[in-house]
Protein chains: 2
Amino acid sequence: MSVSQPVRPPRRRAPRNSLNPDRILDAALTLLDRDGSEAFTMRGLAQQLGVGTMAVYSHFRGKDEISDAVAQRLLDTIELPAGGSADPQTELREVCVGVYRLFTEHPSALELLADRPLRGDDAIALIDRMLGLLRQAGLAPADAAHAHVALMQYTVGSALWNTRRSRALCQEGARDRARAKLAALPRDTYPALVALAPELLCANSEGTGQFEYGLDGLLRGLLGGTAQV
Amino acid sequence: MSVSQPVRPPRRRAPRNSLNPDRILDAALTLLDRDGSEAFTMRGLAQQLGVGTMAVYSHFRGKDEISDAVAQRLLDTIELPAGGSADPQTELREVCVGVYRLFTEHPSALELLADRPLRGDDAIALIDRMLGLLRQAGLAPADAAHAHVALMQYTVGSALWNTRRSRALCQEGARDRARAKLAALPRDTYPALVALAPELLCANSEGTGQFEYGLDGLLRGLLGGTAQV
DNA sequence: ACCTGAACACCGTTCAAGT
DNA sequence: ACCTGAACACCGTTCAAGT
């Protein structure tokens, strides 16, 4: 066996200016989407870029600043619906579905976003759009603000729930174990749960359908009437 | 200066059986609530217990198993309303508010819970109760399942949003910076946002009020009628 | 059986140095 | 200016050893 071939050959010095913020953010997002947020490491990022660990620090202050920038960039890719064509409720629905889509397509980035406040021009535009639609739908100022936050909370919560649920179900045989556990429950202690077991499993494995069910309910409840229940 | 007093005096050997799973979980929850989830460390936990780092491993397989047990224990403290006294919608409301309360009172534990599936007897009982109430309210099996998931998603999402938002606002001067940023936005690019700035700031700093606003909307929309929008 | 410290393979980041 | 490796203070966990 030849010992002369080292496992990690001494990387030749990276050419000057081959690195830049954009390349770094691209690599970060790739890493995040492919391997999940706990695999997002400064060392891993540098390796992905074919560069020494500390090279990245010439372009960003640290990991936090990179996470921030990735979150920013993602938010700015949300496409707002054309507008004007449909009624406010339908447009609000489209906006929320768009945000949900983005979050489920970039599961690990969602965890970054949940940590930091929403800023960046496109995120601001999104909030403005939603508030405008809520006012158009006839909500008073305070109601529009509350409704907006509620919609965001539901959307973020659903996306988070969904990505974590689906990651858990990816585990070896997890789906069968869940099914078995449900089947083993005593029917008389948990009558409703046992009776609805198949529907529950189904609702949990649906993705967008489940989200839209709740979203429609929420929109109906928030916009439907001014009557307090 | 005397060198003979070491910074960390050689801790005397902990008495046998002074450690047990309950004491460990107590310490873990204390640590979690006091210092946040990223301060929850095997080394810190052992220190809190006045014991060598590895002592904990005699009682739990590792950090993950402890996190699991803490989450379990928390879920089992949720109190279900007496039942039978009120209509299904009011009872559902109480259950959700109870879950939300638990989550906001133990912010860091929520992050643990978001990661793992809900199990444990009391968590199961909670799900059963909610499903039963939803059926009582007149929902078909598939609708009850969907509605249950939607309610949980909204509740978890709100709690998560809230704890993170409030943690961010705890930062030095963060509240003022947010206010200033809102005030600096161009009125004609973001008309709705600028107009609703005070209401938004208010909705975001309310805790339970904001949650209940959306919850009532969601319940109204899910239970209000069978009409699909 | 229960508790111990040393050691291993990680992590983000500081530092002084190379080009 | 941009990129480098060594080093520091952390982390969870394995291991062989003490009692």
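So you know, we letter chains A, B, ... as the sequences are listed, proteins then strands, and number each from 1. Model, not experiment: these values are computed from the prediction.
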Original post:
Nearest to the side chain of R43(A) - dT13(C), dA7(C), dG18(C)?
Top reply: dT13(C)
Original post:
Should D122(B) and R129(B) count as an ion pair when the cut-off is N to O under 4.0 Å?
Top reply: no
Subject >> Separation of atom CD in Q47(B) from atom P in dC10(D), rounded to whole Å >> reply: 11 Å
**OP:** Classify the nucleic acid contact of A55(A) as base, sugar-phosphate or nothing, counting any heavy atom under 4.0 Å across all strands shown.
**Re:** base
Original post:
Any side-chain N or O of H59(A) under 4.0 Å from OP1/OP2 of dA1(D)?
Top reply: no
**OP:** Walk me through it: do H146(A) and E199(B) pass the test side-chain hydrogen bond (donor to acceptor under 3.5 Å, both in side chains)?
**Re:** CA-CA 8 Å; H146(A) 279 120; E199(B) 284 85 358; over 6 Å; no
Subject >> Listed nucleotide nearest any side-chain atom of S58(A), set dC2(C), dT13(C), dC2(D) >> reply: dC2(D)
Original post:
Please give, in whole Å, the distance from dC11(C) P to L45(A) CG?
Top reply: 12 Å
**OP:** Can you tell me the distance, in whole Å, between the CG atom of D35(A) and the P atom of dC11(C)?
**Re:** 12 Å
Original post:
Reckon T41(B) touches a base, only the sugar-phosphate, or nothing at all at heavy-atom distances under 4.0 Å?
Top reply: sugar-phosphate
**OP:** For P15(A) and for T53(B), locate the closest nucleotide of DNA chain D by heavy-atom distance; then report the residue assigned to the nucleotide nearer the 5' terminus.
**Re:** P15(A)
**OP:** Let me know the distance between CZ of R13(A) and C1' of dC2(D), rounded to the nearest Å.
**Re:** 7 Å
Subject >> A55(B) to V51(B) - nearest heavy-atom pair and separation >> reply: CB-CG1, 3.6 Å
Subject >> Nearest to side-chain heavy atoms of A14(A), which nucleotide of dT13(C), dG18(D), dC3(D) >> reply: dC3(D)
**OP:** Can you tell me the distance, in whole Å, between the CG atom of D64(B) and the C1' atom of dG12(D)?
**Re:** 11 Å
Original post:
In whole angstroms, how far is the P atom of dT14(D) from the CZ atom of R61(B)?
Top reply: 10 Å
Original post:
Could D22(A) and R73(A) be called an ion pair, given the rule that one side-chain N must be under 4.0 Å from one carboxylate O?
Top reply: yes
Original post:
Just the dot-bracket of DNA chain D, please: which string comes out with Watson-Crick or G-U pairs under 3.5 Å, [ ] for crossing, | for another strand?
Top reply: ||.|||||...|||||.||
Subject >> F40(A) six-ring face occupied by K63(A) cation (under 6.0 Å, within 45°) >> reply: yes
Original post:
Which part of the nucleic acid, if any, lies within contact of F40(B), taking any heavy atom under 4.0 Å across all strands shown: a base, the sugar-phosphate backbone alone, or nothing?
Top reply: sugar-phosphate
Subject >> Nearest-angstrom distance from the residue atom CG of N20(A) to C1' of dA1(D) >> reply: 14 Å
Original post:
E38(B) has an atom CD; how far is it from atom C1' of dC11(C), in whole Å?
Top reply: 15 Å
Original post:
Are any of Y57(B)'s side-chain N or O atoms less than 4.0 Å away from OP1 or OP2 of dT13(D)?
Top reply: yes
**OP:** Please tell me which of the listed nucleotides, dT13(C), dG12(D), dT4(D), lies nearest to the side chain of M42(A)?
**Re:** dT13(C)
Original post:
Would you find more than 12 non-hydrogen atoms of other residues, nucleotides or ligands less than 6.0 Å from Q48(B) atom CD?
Top reply: yes
Original post:
On DNA chain C, nearest-nucleotide positions of N17(B) versus M54(B): which is more 5'?
Top reply: N17(B)
**OP:** Verify the neighbour count for atom CD of E105(B): are there more than 12 heavy atoms of other residues, nucleotides or ligands below 6.0 Å?
**Re:** yes
Subject >> Reported CZ-to-CD1 distance for the pair R101(A) and I78(A), which is rounded to 0.5 angstrom >> reply: 12.5 Å
